[in-house]
Amino acid sequence: VGDERIRDQMLTMLIAGHDTSTALLAWSFALLGQHPQVYTRLVAELDAAGPEGHPHLLDEVIKESLRLYPPIHIGNRQLAEAMEFEGQSVPAGERLFYSIYLTQRDPQSWEQPDDFCPERFAHGRKQPPFAYLPFGGGPRACIGAAFGQAEARAILSSLLKSYSFEPLNPKGIHAHMGATL
C-alpha cells in the first residue's frame, strides 16, 4: 500500500469521521431524551461501573442509535457482474444504491423496527446477515467503525457521568437526509 493511499484513508477517517461521530452522539442524546427510563438506567449503570468501566447498556444504546439513525443513511456498490433484481436485469458495472436507514428498519429482520430498544443488542444477539449496516459491509466497510464506537463510548460515558441532561423538546426532533443523517 502506497503512502498516498494511506494518506487518503487517514483523511477519510479523520474528516468523514467527524460528521458521522457528531451525528451518532446527537442521535444518542436525542433518543436518551425521548426515553428517560433508559437514560436513568444508563446513568445508574455508568455510576456503578466506576471511572474506568462502561456497562453493556452503553454499547447497546450506541448500537441501537446507529440502527435507528445511521449517520450515513445510504450506500452504493458497483456491480462486478450482471444480476437479476425484482425481475429486472442489471448489467455489470452499474452502480446500485441501497438504503441503510430502511434496511435497519425492515420488519422482516427486526421486531418493532421503529422502536428504540437497546436491549435488542444485549448479550451478543445476532441479526440476519446485512440487516445491520451502520458502517457498510464487506471489504468496503468503514475503516473508522471501531474508532467511532470507542470515541462515542468515551464521550457519552464522560458526559453522562459529569452532567445531568434534560430534553427541551424531544418530540420536535426529526431526521434530515443530507450528507449525513
Side-chain angles (χ1 to χ4, degrees), residues 1-32 42 46 49 52-83 85 90 92-106 109-110 113 116-161 175-181:
V1 179
D3 289 345
E4 204 170 290
R5 184 163 178 195
I6 292 170
R7 183 208 63 211
D8 291 347
Q9 292 288 359
M10 290 304 299
L11 283 172
T12 297
M13 193 166 99
L14 294 172
I15 295 170
H18 173 77
D19 284 347
T20 54
S21 293
T22 55
L24 167 56
L25 292 168
W27 283 115
S28 295
F29 275 110
L31 288 164
L32 288 170
L42 178 56
L46 284 165
E52 297 302 317
H54 72 270
H56 292 292
L57 182 57
L58 180 60
D59 287 330
E60 294 164 15
V61 165
I62 290 168
K63 287 178 181 175
E64 183 69 342
S65 298
L66 285 166
R67 184 189 72 80
L68 285 171
Y69 298 102
I72 302 297
H73 57 91
I74 195 164
N76 70 81
R77 293 291 184 265
Q78 188 171 16
L79 293 180
E81 56 189 55
M83 67 174 275
F85 181 76
V90 185
E94 285 294 318
R95 187 165 299 277
L96 291 183
F97 288 83
Y98 59 95
S99 175
I100 296 167
Y101 180 89
L102 293 176
T103 298
Q104 295 183 167
R105 290 171 179 254
D106 184 351
S109 298
W110 304 94
F116 178 67
C117 180
E119 293 79 13
R120 73 176 81 234
F121 291 98
H123 310 296
R125 289 184 190 161
K126 299 291 181 199
Q127 301 77 39
F130 297 106
Y132 183 73
L133 300 162
F135 299 101
R140 302 281 302 159
C142 176
I143 63 168
F147 177 78
Q149 290 174 93
E151 179 182 46
R153 273 192 302 277
I155 293 169
L156 285 169
S157 178
S158 177
L159 290 174
L160 291 171
K161 285 179 181 181
H176 172 74
M177 305 246 177
T180 58
L181 185 65

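Just the heavy atoms: all of them, side chains too, but no hydrogens, waters or symmetry mates, feed the values below. For the single chain, residues carry numbers from 1 onward in sequence order.
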Restricting to non-hydrogen atoms, name the atom on [X] and the atom on [Y] that form the minimum distance, rounded to 0.1 Å.
{"X": "Ile74", "Y": "Tyr98", "value": "CG1-O, 3.1 Å"}
{"X": "Ile100", "Y": "Ile72", "value": "CD1-O, 3.3 Å"}
{"X": "Thr103", "Y": "Ser99", "value": "OG1-O, 2.7 Å"}
{"X": "Asp19", "Y": "Thr22", "value": "O-OG1, 3.0 Å"}

Sequence neighbours excluded and cut-off under 3.5 Å, please list the side-chain donor-acceptor pairs for residues 132-155, or say none.
residue, atom, partner, partner atom, Å
Tyr132, OH, Lys63, O, 3.1
Gln149, NE2, Ala145, O, 3.2
Glu151, OE1, Ser21, OG, 2.6
Arg153, NH1, Asp59, OD1, 3.2

Contact check, side chains of [X] and [Y], non-hydrogen atoms, under 4.5 Å:
{"X": "Leu32", "Y": "Leu160", "answer": "yes"}
{"X": "Pro113", "Y": "Asp106", "answer": "no"}
{"X": "Pro71", "Y": "Leu66", "answer": "yes"}
{"X": "Phe116", "Y": "Leu68", "answer": "yes"}
{"X": "Arg120", "Y": "Arg67", "answer": "yes"}
{"X": "His56", "Y": "Phe121", "answer": "no"}

Legend entry - Residue His54 excluded, over 12 heavy atoms near NE2 under 6.0 Å: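 Yes, because the 6.0 Å sphere around NE2 of His54 holds more than 12 heavy atoms from other groups.
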Inset, instruction - Using a cut-off of 6.0 Å, state whether more than 12 heavy atoms not belonging to Glu4 lie near its atom CD. - result: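 Atom CD in Glu4 is not packed in, count stays at 12 or less.
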Legend entry - Approximate separation, where rounding is to 0.5 Å, of Leu79 CG and Leu96 CG: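 One gets 4.5 Å once the value is rounded to the nearest 0.5 Å.
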Legend entry - Asn76 side, atom CG; Glu94 side, atom CD - distance, nearest 0.5 Å: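 CD of Glu94 is found 12.0 Å from CG of Asn76.
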Legend entry - Flag, side chain of His73 to backbone of Gly178, donor-acceptor distance under 3.5 Å: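 Yes; at least one donor-acceptor contact below 3.5 Å.
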Inset, instruction - Would you check if the side chain of Glu81 reaches a backbone N or O of Ala92 as a donor-acceptor pair within less than 3.5 Å? - result: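 Not a single qualifying donor-acceptor pair exists.
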Inset, instruction - Answer yes or no for Arg105 and Tyr69: cation-pi contact, defined as NZ/CZ to six-membered ring centre under 6.0 Å and angle to ring axis within 45°. - result: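 Yes; both conditions hold, so Arg105 lies above the ring face of Tyr69.
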Legend entry - From CA spacing to verdict: side chain to side chain contact (heavy atoms under 4.5 Å, CB included), Phe29, Leu159: CA-CA 10 Å; Phe29 275 110; Leu159 290 174; 4.0 Å; yes
Inset, instruction - Let me see the working for Val61 and Leu31 under side chain to side chain contact (heavy atoms under 4.5 Å, CB included), right down to the final yes or no. - result: CA-CA 9 Å; Val61 165; Leu31 288 164; over 6 Å; no
